[in-house]
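Numbers restart at 1 for each chain; the letters A, B, ... are given by sequence-line order, proteins then strands.
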Amino acid sequence: MSGSDPKSALPAAVVPDRWEALRELTPARIALGHTGVSLPTKHHLAFQMAHARAAKAVHEALDPDAFAALLAARGWPAIALSSAVADRTEYLTRPDRGRRLSDASRTALSAVVSAEAPQLAFVVVDGLSRAAIESHALPFLDAAMPMAAEAGWTVGPIAVVRNGRVAVGDEVGEVLAATITVVLIGERPGLSSPDSLGVYLTHGAKVGTTDEARNCISNVRGAGLPPADAAAKLFWLLKESFGRGFSGVALKDDAPVSQAIDGGGQNFLTGR
Amino acid sequence: MGYKYAVGHEVHRFDTLAVLMAKATPRRSGDELAGVAAADPEERAAAQLALADLPLKTFLDEPLVPYESDEVTRLILDSHDRDAFAPIAHLTVGDFRDLLLTDDVDGAVLAALAPGLTPEMAAAVSKISRNQDLVLVAQKAEVVTRFRNTIGLKGRFSTRLQPNHPTDDPNGIAAVILDGLMYGSGDAVIGINPVSDSIPAVMTLLKMLDDVIQTYAIPTQGCILSHVTTSLECIERGAPVDLTFQSIGGTEGTNRSFGVTLSILQEAMEATRSLKRGTVGDNVMYFETGQGSALSAGAHHGVDQQTLEARAYGVARAFSPLLVNTVVGFIGPEYLYDGRQILRAGLEDHFCGKLLGLPMGCDICYTNHADADQNDMDTLLTMLAVAGVTYIMGIPGSDDVMLNYQTTSFHDALYARRVLGRQPAPEFAAWLEKTGLFDGETLTRRASPSGPFQAVLEAAR
């Protein structure tokens, strides 16, 4: 800046990082370089675009009838339901209503209760990401339902709930009198992961159940935990939970670590 | 017994202390959701005027959450230091605000007062304070904690390096750790939120973190933010645990919803200390909090979310933590609707934490379903940095690819250090200079680091 010739070019502002190759190892925004101490224009504006898209996706609700039809087409009894929330804006500010079924939905669900209570109930909920349900719920169920059948567990009708929270599954589980309720829900969309699915397992779910009674498998998506792997993880947790008669923080996930997570090989940073 | 405030001929009545506190709270969606918020700005102002006239000692006589049924209330009242309280025992909440703003009250006075303050007193005075008051008072406090370095000294500004990965892949996590270290992040802690609470997976990550810290002789500590009972099991199995983490709340019921009790936290603190892994101190606990958790757990007892948040700090201080941070914008718009509410809450939380003697940091953050953006975070970051926040988070490009929210980036921390002339913890700052990553004098990052990272950087090209 202090050069004596005003026409002489200033040095390049953006200093790139030398470790861009490490981006192969993580979807995180590493090696962005810097200008001064700040984010280069290119990355700053790319972030703005990603945020605009993620914020927009939040406002799209699921069509439960269409999704229930997809499940029915696979031969799985399904029922389309709605939470007590009126619309998407209310969904964001009234979690209490998102945790309960609408009166009409509760009545509809009660009408399909069978004499023999199912051991397992699946509840598909849009949550904050319709895209997560549309992309990953079917692949997950395609892997999970045969496992349940092989284990001999009875499965209730699959509930598909619009504008629901995780705890809406408690009411479904209670009405169906299911031993274990498994909720598949669209997680809050991230900038780089708008379609992440969460899976929550609750033993003896009923209205008022709190989160310490649940086990969670999160980040279910192609770039995270693939749906089939998540189903295998759920299967392990289900066996444990059926065996011990509870779920939640007291049910520790002690399944062997997969080769990928165990490192399998050397860590590039520590050489160990 | 009720409280009232008259404006002209109109008298505003508040039936209980909890109602008065809630209605005096600056507007936020969580209190509206709970049905405890003021109906309009006039009722709020009247409640603030009535609260200002309230003697501080009222909070010792009228618990907002019943003593008999809540172990957090019992902890707060049973550990209250009457001698430390004596100098302010005659004051009202309004007098107390006036006192805190004077030059007579400095860091030493605040430190001496802290054991005499209950969380409810801190919350009350915050409710009648403006944002600038929350900054001015907090920046006087100096809360210093130690494990492998010294955190919280005046003029210092620390960061948690948060190298989360969507599948806990150790090499992916290591890539973010390297990125962060190159940007001078990680003196508060290198802390990973694991995807799963699986014990073998957590053990693997604990070992990897320990390897990184030892390989490069980094004067910092590692932490896997798993459930406290998972950390205890890992300690049992011989894992290298530096800090034990837990999310906590301000009522017994909230903590139960997190699967913890005070006795479990005590057991965890003792087990972690028994490993003797700290080199300059034994503050071994790391707590996270956030307004709204009690309502979310159905355990709020009709008390406003900010007061309950301050009570969570009452829990934290019983365990001499190395680090505490409010994850202010993570919970979502149901509790803090937009950037304005997140800003206010972040400043309140930091103020209350510092007043109660905690090493208070802030996860300056928002989710994609809240009405907030990067500019809102810049405002909160700048105000908190001026307020002397102990530490903030550091994430590549502000995008947490595992937890799916936005928090402060490595660049953001450098911005705050640059505009305010702040340095990392002294041991870490010396390490950054010794390893050739930063020039200590000018806070500048060196383009071509020499030293121990050269080989790994060459290999990454």
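Highest contact tally toward chain B, considering only A:A250, A:G36, A:P95, A:C216, is held by A:P95 [criterion: heavy-atom pairs under 4.5 Å]. Per-residue counts of heavy-atom pairs under 4.5 Å with chain A were compared for B:V212, B:I173, B:N164; the largest is that of B:V212. Put simply, of A:A57, A:S193, A:A167, the one with the most heavy-atom pairs under 4.5 Å next to chain B is A:S193. In terms of heavy-atom pairs under 4.5 Å with chain B, the best-connected choice from A:P194, A:A21, A:G224, A:S192 is A:S192. Between chain A and the options B:Q214, B:E233, B:R237, B:M203, the largest number of non-hydrogen pairs under 4.5 Å is found for B:R237. For the set B:F258, B:Y335, B:Y366, the count of heavy-atom pairs under 4.5 angstrom toward chain A peaks at B:Y366.
Residues B:H369 and A:P189 are not in side-chain contact: their nearest non-hydrogen atoms beyond the backbone lie 4.5 Å or more apart. Looking at A:Q48 and B:Q374, their side chains come closer than 4.5 Å, going by heavy atoms from C-beta outward. Side-chain contact check for A:R188 versus B:F330: some heavy-atom pair is nearer than 4.5 Å. Between A:L269 and B:I177, some side-chain heavy-atom pair lies under the 4.5 Å cut-off. Side-chain atoms of A:T93 and B:L33, non-hydrogen and from C-beta on, never get closer than 4.5 Å to each other. Here the side chains of B:D373 and A:H51 are in contact, with some heavy-atom distance below 4.5 Å. Using a 4.5 Å heavy-atom threshold, the side chains of B:N404 and A:S196 count as touching. Residues A:S218 and B:V195 are in side-chain contact: their nearest non-hydrogen atoms beyond the backbone lie under 4.5 Å apart.
For the atom pair A:L39 CG and B:L414 CG, the distance stands at 11.0 Å (nearest 0.5 Å). If you take CD1 on A:I30 and CG on B:D179, they are separated by 5.0 Å, rounding to the nearest 0.5 Å. Between B:S296 atom OG and A:R99 atom CZ the span is 5.5 Å, to the nearest 0.5 Å. Atom CG of B:N368 and atom NE2 of A:H59 lie 10.0 Å apart (nearest 0.5 Å). Taking CD of A:E212 as the reference point, atom CG of B:N255 lies at 11.0 Å (rounded to 0.5 Å). Distance check, rounded to the nearest 0.5 Å: CZ of A:R214 to OG of B:S257 gives 10.5 Å.
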Exercise for the section: Any chance you could lay out the side-chain contact (heavy atoms from CB on, under 4.5 Å) test for B:Q406 and A:L191, step after step, and finish with the verdict? Expected result: CA-CA 8 Å; B:Q406 286 89 249; A:L191 293 191; 3.4 Å; yes
Problem - Derivation and outcome, side-chain contact (heavy atoms from CB on, under 4.5 Å), residues B:M208 and A:N267 - result: CA-CA 8 Å; B:M208 191 270 285; A:N267 190 284; 3.7 Å; yes
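Scanning all heavy atoms of the two residues, the minimum distance from A:V249 to B:G259 falls at CG2-CA, 4.1 Å. Closest non-hydrogen pair, A:L32 versus B:Y183, comes out as C-OH, 4.5 Å. Nearest heavy atoms, A:T26 versus B:G172: CB-O, 3.8 Å.
Side-chain contact of B:T215 with A:R272: a donor-acceptor pair under 3.5 Å is present, judged by distance alone.
Neither the backbone nor the side chain of A:N215 comes within less than 4.5 Å of any heavy atom of chain B. Within the 4.5 angstrom heavy-atom criterion, no atom of B:S29 approaches chain A. For B:A297, the part sitting under 4.5 Å from any heavy atom of chain A is the backbone (N, CA, C, O) and nothing else. Interface residue B:Y337: only side-chain heavy atoms are found under 4.5 Å from chain A. For a residue to count as touching a neighbouring chain, one of its non-hydrogen atoms must lie under 4.5 Å from one of that chain's; by this rule A:R165 touches chain B with the side chain only. Neither the backbone nor the side chain of B:A416 has a heavy atom closer than 4.5 Å to any heavy atom of chain A. Neither the backbone nor the side chain of A:R23 comes within less than 4.5 Å of any heavy atom of chain B. When heavy atoms are compared at a cutoff of 4.5 Å, A:F47 approaches chain B solely by way of its side chain, counted from C-beta outward. Using a 4.5 Å cut-off between heavy atoms, A:L128 touches chain B through its side chain atoms alone. Within the 4.5 angstrom heavy-atom criterion, only backbone atoms of B:L403 (N, CA, C, O) approach chain A.
Classification of the B:H411-A:H34 ring pair by plane angle, with boundaries at 30° and 60°, yields tilted.
Checking side-chain atoms of A:N219 against main-chain N and O of B:M402 turns up a donor-acceptor pair under 3.5 Å.
Shown here is B:E236, whose CD atom has no more than 12 heavy atoms of other residues, nucleotides or ligands within 6.0 Å.
Taking the side chain to side chain contact (heavy atoms under 4.5 Å, CB included) definition, one finds that A:S135 meets it with A:D195, sequence neighbours left out.
Across B:I395, B:V401, B:V176, B:D399, a single residue satisfies side chain to side chain contact (heavy atoms under 4.5 Å, CB included) together with A:R29, and that is B:D399.
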